[in-house]
Amino acid sequence: MLRFEDILEEVERFLPRFDEDMLRRAYVLSAHSHRGQLRSSGEPYLIHPLNVAMILAQMHLDEVSIATGLLHDVLEDTPVTRERLEELFGKEVAHLVDGVTKIGKFEYKSKEAQQAETFRKMLLATTDDIRVILVKLADRLHNMRTLEHLPEPKRRAVAAETLEIYAPLANRLGIGRMKGELEDLSFKFLYPEEWRALNTAIDERMKASSASMERVRMQLSQEMEAAGVRAEVTGRVKRLWSMRQKLIRQAIPIDQLYDVLAFRVIVESREECYKALGVVHQAWRPVPGRFKDYIAMPKANLYQSLHTSVVGEGSLAFEVQIRTRDMDAVAEQGIAAHWKYKEGKLDPRLDEKRVAFLRQILETTREVKDPREFLSSLKLDLFPDEVYTFSPRGEVFAFPRGATPVDFAYRIHTDVGHRCVGARLNGRLVPLKTPLQNGDRIEILTSPVAQPSRDWLTFVVTSRARNKIKAFIHSAEKDRAIEVGKRLLERELKKSGRRLAKLLDTKAFDPHLAELGAARTDDLLADIGFGKLVPKFVVQKLFPAEEEAGAEGKPEKASGLRAVVRKILPFGGSGIRVKGDNDLLVALAECCKPVPGDDVIGYITRGRGVSVHASACPNVKSLLVDPGREIEVEWESVKDHSFTVDMEILTEDRKGMLARITKVISDAESNIQSIDARAMKDGNAVITATLTTPDRKHLDRLLIAIRGVPGVTQVRRKFHTHRPAVLPGPGAGTGPEK
Ligand code: MN
């Protein structure tokens with residue numbers, strides 16, 4: 001059984017001075033807190049952290065990493081807290097153990113390759129210290145080495161996850177040895193039959209060939225010596241998983257498996273690498289197409305080496321890898337080899353540029369063949385601007401930094417976006433504009449009657465969400481405008497005894513569309529509804545003979561805009577009826593959402609009809625600098641119509657506050673379209689809600705009722721100040737998009 005002293009001995013070998021006391025204390029705490037716990041094998045649990053620490057020591061990591069290895073399971077499995085770890089071992093160890101615990105909770109469920117890549121990137125993005133990943137890899141390696149103790153289904157799941165997530169991660173970090181071992185162990189547990197067959201085939205192949213591994217190794221050594229190249233030669237049987245992949249790739253049956261041996265020649269300099277290659281090619285016949293120069297063109301994980309395959313005695317083919325000692329360290333230890341030791345201490349932050357550079361390499365998704373492409377991908381990744389999040393089903397989604405639950409909702413499905421009313425991040429209700437963080441689990445709350453809000457455009461960051469919201473708003477507005485346009489045109493036509501339905505049936509508008517600047521009849525009707533085209537003008541275009549008769553009517557002048565619009569209702573309301581010569585589309589302003597009973601002012605927008613604001617709306621003043629645009633409006637008395645209002649409620653941050661307020665609102669028979677709660681630093685909370693109300697009277701009663709809830713300190717209707725993206729001011733000239 002592995003002892004703590006073995007680990008100390010291993011560390012002494014590469015770190016002449018180190019904090020032995022800290023490691024000893026970490027060991028004591030780990031032994032104490034895991035006391036009585038057993039592994040599936042029946043052995044004491046402590047075996048596991050000891051082995052993880054040993055793997056980290058063998059990777060030549062610093063004592064902080066090794067202490068983290070000893071303590072990596074105490075937060076998850078024992079009563080020890082993060083605060084306690086910080087007291088005993090300092091911020092760094094506590095931070096690393098916490099990081100390992102955090103990523104241990106991410107569950108990988110998907111079977112898709114795309115998801116695996118995103119999941120790996122998420123693991124990398126979740127931590128600010130790469131040592132967290134290295135400890136996690138060591139943890140996984142030991143668990144894989146002891147996997148036979150787990151029951152069969154669990155075993156397969158862990159092996160599959162290792163193959164899809166952790167082995168590629170080790171590869172990305174350039175830790176070749178760990179990648180190889182993780183793959184072979186996964187292979188053994190995932191495809192046991194296949195593994196056994198391949199293993200047997202290799203044994204037989206070795207027996208059949210006259211030349212043993214040792215003889216080839218000796219001969220390679222001698223050839224090098226004779227040519228004056230100082231080299232260290234080692235041999236091994238190739239990794240089973242990589243052999244299996246090759247058999248599949250090249251569609252070869254097992255019995256035709258030939259190069260099962262691989263030799264490594266370690267030399268002193270780059271020049272000697274090429275010299276050694278010449279020696280190998282002179283002594284044995286190279287297999288065409290198998291030479292690779294990763295020295296001139298390093299792999300994305302910085303791996304450098306010359307690879308060649310040659311055919312020896314008895315047609316035994318073998319692979320030779322030639323590299324310098326430094327290159328070998330990079331190949332075997334990966335990222336750890338890039339770090340410098342200063343005064344016997346490894347501090348990844350000593351050389352931030354180097355670490356930043358490495359991080360980028362880690363994040364490079366593909367192995368890049370072309371060195372220029374390699375460089376450009378490095379540059380791209382220099383801006384780590386993505387966040388990785390989970391759906392409730394465990395799927396991982398990457399987003400640009402700053403993305404919000406609304407972006408997430410639209411990624412799931414357009415309808416989820418359109419119907420989204422709220423979001424839970426990690427189980428907690430949050431405002432829809434909350435920026436997502438790495439590892440967040442997001443649940444979208446939807447309602448069948450909800451609709452996208454124009455306001456969302458001010459905070460969504462993905463173009464998908466932006467486009468879907470815009471398209472929805474546009475098409476909804478256009479639908480309403482077409483309806484209004486129809487009615488306005490209908491009325492104009494009536495004056496000359498014509499019927500719109502008939503003209504539409506006979507496609508009477510078609511010959512005039514281009515002239516009127518519309519592509520289809522619907523566009524023409526929408527233009528009329530939006531107030532861009534005057535119905536009378538359209539009728540005159542269609543029936544020019546009546547132009548004179550038309551001229552007898554009242555002239556269309558800008559002053560006419562001051563006519564009174566008597567009755568207003570929101571679009572799509574049952575009876576929108578507009579009086580006066582200037583028939584314009586009327587909409588309640590989104591910023592103040594007036595309700596019947598409010599004093600209102602109409603404002604003629606460019607291309608979007610009349611916008612009706614509450615007189616109390618803070619935007620009114622700035623909108624009406626242009627006096628020609630003001631228009632008088634009045635409420636029509638209506639029944640059974642509901643209007644939406646935004647409300648802001650300031651409360652003490654008490655438990656159950658939201659529930660009590662929700663109850664008062666529903667008791668008042670008001671529907672909640674969305675509600676968000678946000679705790680403030682001062683111990684208060686702000687609740688914002690969008691509710692329905694039939695009129696001002698009802699709303700005033702509701703405000704009083706909410707004010708009466710214990711803990712509520714303030715209630716008010718919320719008026720939004722204009723931002724250009726929400727509602728254009730005069731002169732912004734944003735008509736509906738075509
Ligand atoms: Mn563990």
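Since we're looking at a predicted model, the values are computed, not measured. In this chain, residues are counted from 1 in sequence order. Hydrogens, waters and symmetry mates are skipped; everything else that's a heavy atom, side chains included, is used. In each ligand, atom 1 is the first atom listed, and ligand 1 is the first ligand listed.
A donor and an acceptor atom, one from each side chain of Thr200 and Asp203, are nowhere located under 3.5 Å apart. Between the side chains of Thr68 and Arg131, no donor-acceptor pair is found at a separation under 3.5 Å.
Closest to the Mn ion (ligand 1) among the N, O or S atoms of Asp139 is OD1. Asp73 contributes OD2 as its N, O or S atom closest to the Mn ion (ligand 1).
Not a single N/O/S atom of His142, whether from backbone or side chain, sits less than 2.8 Å from the Mn ion (ligand 1).
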**Asked** Going through the checks in order, is the salt bridge (charged side-chain N to carboxylate O under 4.0 Å, His left out) test met by Lys136 and Asp139?
**Response** CA-CA 5 Å; Lys136 183 67 201 169; Asp139 175 39; 3.4 Å; yes

**Request:** Could you walk me through whether Lys102 and Asp98 pass salt bridge (charged side-chain N to carboxylate O under 4.0 Å, His left out), step by step?
**Result:** CA-CA 6 Å; Lys102 224 175 252 164; Asp98 190 49; 3.6 Å; yes

